[in-house]
**Q** 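The structure that follows is given in the form of structure tokens.
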Amino acid sequence: QQQQHQQNDSLTTEYVSREDMRELVTNGGFLTPAVMRTLARDTGLAEEESLKVVPTDENGHYKIPSKMRPMTEQVGYYNDKTHAPLADFQVLSVAHIIVDWGILTVEDVQEALNGKKVVVERKRIRRIATAIHKFANGNQPSVRKRSSRRRKNKGDRGSKIYSTNLEDVGKRKSRPMSMSQPASHLQQEESTTDPTLSLNHDVRNTDTDVLALHNASQHTGESTDAPTRKISRMSALTEATIKVDDVLTSDFALTFGSNTTPIHVHSFVLNATDNELLKEAINDPSQRHFYSVDTHSARYALRLFYAHVQDAVEIPFVPFRNLFGVYKAASTIGLDWVEAYVEKRLRSSLATSSCAYMLEMATMLEMVDLAGDCMSLFCLKPKDVLATAGSLHLSEPVMMKLVRSDKLCLTENELFFWVVQWGRYNAGLRSEACLSFDEPSFATLNVADDEWHQLSTDDVDAAVEVFLPQQDREAVHDVIIPLLGRLRLLLFTPHFFDSVVRSLDLLDGDDLNIRDLHLNGEKLLPPLSVHLRHRIGTCSLVQRPLPINTK
């Protein structure tokens, strides 16, 4: 890391010699901060003379214009500072123009600023130099009239972003500049023609002859405006890889959540979906902001969909922690294939350690297949699942599904202990977010009826008090009351029911009478009553046969 920082420092404090610049113009090469700084100096874009009107701090560092801030945040370069020394200010100024004119992507500029080698072919380096000079002379990107003579551009294979040309290349409508022009002589002027790229007297004889860039460009007849390639679906998908956030080829943008940074996309790619909301967004700019989705997840979802549409060999990797966010984004935008892909991957990674969390998220996002898998694993191995951290975070709807399940492999005694401890945790009366059925307060009481005589009354009372303290009972009752009615009263062991359940006074009197009346034969429950239905993990633990209502 230290070597990388030293390399970055050297790149931002050096100029490029005339010979190296000529080599760059002739054959193409690497775009580095040193090249960017040299271009800023020699075109007069950012030098001490032209920056006299820019505010400085006590160290003589120049204030970074507010309209340049989004770019610095995107590339992660000087995003936490408000002022920059001349060398870095020059680099930032050129980087902003390159991105704003759509000559390179944000990712390419970010790599260059981080000291990585970004290969730029000779035509694109000339375009960069021309754009900088035009901006230094007060010209904005402008809409140029289409030339009557179409340029086939046969020899140009594009930049590092594309391996081949795309068909139907046309001129793009340029975006308005978003950079505050720092110098007084850099005033905005409308221009629909190419200005002559020439150096003023002050910079003509410096060690870098930027005029060579313009002369070489003139000989090739290359346009100085950055192009947008107009792509048909067939040509784009067969001849090149189309990427999310490619400002050169995209025709509209989407925004997400509270983040106003757009994600550039292609309508012909997104038209592959049948989602009406997305098609409405394509046709109506006012519908292109999705407030319920974060930008990070949306970008992952779009990259997956682009890879699917283009039959990519390698699908972009999404970290596990982001999968549910990506699913939500895909569901909101209408990317059905991404939804199916994410759910399939989640189902394949299901384990007891993640079961509780995944069940909660799958229920919330209505992921039916994943929720079914989670329910099956939870019911089969509830003790293993509940022993993992965070298992008591489950919401009431998820708890209701589990308590009502016939497949839950817990005794009714254990289920009651779990429900009570879940209530304590959600009432803020328990700190541990996981559960062990070996906790002394429960293990002491959860014994067979033939062993109950070994417990004294004092032992039982003390264990019950630890099980649920007297002062906590009312608060816990208010939390678990929806679940109490789903407990199966005839499945409790007699001594546990009488000594624990009754003494805690959590059940209504009517519920208590149901059990007593049925066991006494005074009022039998109907055969299909839920209280008589066994769970897979239990049999009836009542020591005598249950009376059966034959009517």
Side-chain angles (χ1 to χ4, degrees), residues 4-25 28-52 54 56 59-65 68-69 71-72 74-79 81-101 103-104 106 108-120 122 124-137 179-183 186 197 199-200 202-214:
Q4 183 68 51
H5 288 313
Q6 291 174 350
Q7 181 184 8
N8 292 348
D9 291 342
S10 66
L11 288 174
T12 57
T13 55
E14 295 177 355
Y15 287 111
V16 175
S17 66
R18 183 189 308 178
E19 292 73 17
D20 290 341
M21 185 62 77
R22 287 187 180 277
E23 177 68 20
L24 185 65
V25 174
F30 300 130
L31 178 67
T32 65
V35 172
M36 298 161 70
R37 181 172 183 259
T38 304
L39 289 171
R41 182 200 65 182
D42 291 351
T43 57
L45 173 69
E47 54 175 343
E48 293 184 359
E49 184 66 25
S50 63
L51 296 178
K52 286 183 177 180
V54 179
T56 58
N59 297 319
H61 295 173
Y62 296 95
K63 182 177 181 180
I64 300 174
M68 198 190 295
R69 301 297 303 175
M71 185 276 300
T72 62
Q74 281 184 295
V75 301
Y77 190 85
Y78 266 83
N79 58 343
K81 298 181 180 179
T82 58
H83 292 72
L86 176 61
D88 292 321
F89 191 90
Q90 291 172 329
V91 173
L92 290 173
S93 301
V94 172
H96 180 83
I97 294 174
I98 292 174
V99 172
D100 198 63
W101 284 56
I103 301 173
L104 291 177
V106 172
D108 291 326
V109 173
Q110 185 177 27
E111 290 184 0
L113 295 181
N114 288 334
K116 297 181 180 179
K117 294 182 177 180
V118 176
V119 180
V120 182
R122 60 180 183 178
R124 195 166 295 271
I125 193 65
R126 295 168 189 155
R127 185 178 297 129
I128 292 173
T130 302
I132 294 171
H133 191 273
K134 288 173 67 175
F135 187 82
N137 284 275
M179 173 183 173
S180 296
Q181 300 191 19
L186 304 184
L197 178 58
L199 301 179
N200 58 40
D202 294 333
V203 300
R204 185 179 300 276
N205 296 319
T206 56
D207 60 338
T208 303
D209 189 0
V210 186
L211 183 59
L213 302 179
H214 173 61

**Q** From Lys63 NZ over to Thr56 OG1, what is the distance, rounded to the nearest 0.5 angstrom?
**A** 11.5 Å

**Q** For residues Ala131 and Ile103, report the shortest heavy-atom separation together with the two atoms involved.
**A** CB-CD1, 3.8 Å

**Q** Search all heavy atoms of Leu113 against all heavy atoms of Ala95 and return the closest pair with its distance.
**A** CD1-CB, 4.4 Å

**Q** Going through the distances and angles, do Leu31 and Ile98 end up as a side-chain contact (heavy atoms from CB on, under 4.5 Å)?
**A** CA-CA 11 Å; Leu31 178 67; Ile98 292 174; 4.1 Å; yes

**Q** Return the CG to CD1 distance between Leu45 and Ile97, rounded to the nearest 0.5 Å.
**A**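 Going from CG on Leu45 over to CD1 on Ile97, the span is 4.5 Å.
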
**Q** Checking Thr38 side chain against Val16 main chain: does a donor-acceptor pair fall under 3.5 Å?
**A**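 Yes; judged by distance alone, with no hydrogens or angles, the pair exists.
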
**Q** About how many Å separate CG of Leu86 and OG of Ser93, when rounded to the nearest 0.5 Å?
**A**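 One finds 9.0 Å between OG of Ser93 and CG of Leu86.
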
**Q** Taking all non-hydrogen atoms of both residues, which atom of Phe89 and which atom of Ala46 are closest, and how far apart?
**A**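 Shortest heavy-atom separation between Phe89 and Ala46 comes out as CD2-CB, 4.2 Å.
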
**Q** Could you grab the distance from atom CZ of Arg127 to atom CG of Leu104, nearest 0.5 Å is fine?
**A** 9.5 Å

**Q** Using the side-chain contact (heavy atoms from CB on, under 4.5 Å) rule, take Ile132 and Met36 through it: C-alpha gap first, then chi angles, then the decisive distance, then the call.
**A** CA-CA 10 Å; Ile132 294 171; Met36 298 161 70; over 6 Å; no

**Q** Using side-chain heavy atoms (C-beta onward) and a distance below 4.5 Å, is His83 in contact with Asn59?
**A**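 No, side chains not in contact.
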
**Q** Measuring from Asp42:CG to Arg37:CZ, what's the distance to the nearest 0.5 Å?
**A** 10.0 Å

**Q** Can you confirm whether Val119 sits close enough to Phe30 that some side-chain heavy atom of one is under 4.5 Å from a side-chain heavy atom of the other?
**A**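 Yes - at least one pair of side-chain heavy atoms lies under 4.5 Å apart.
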
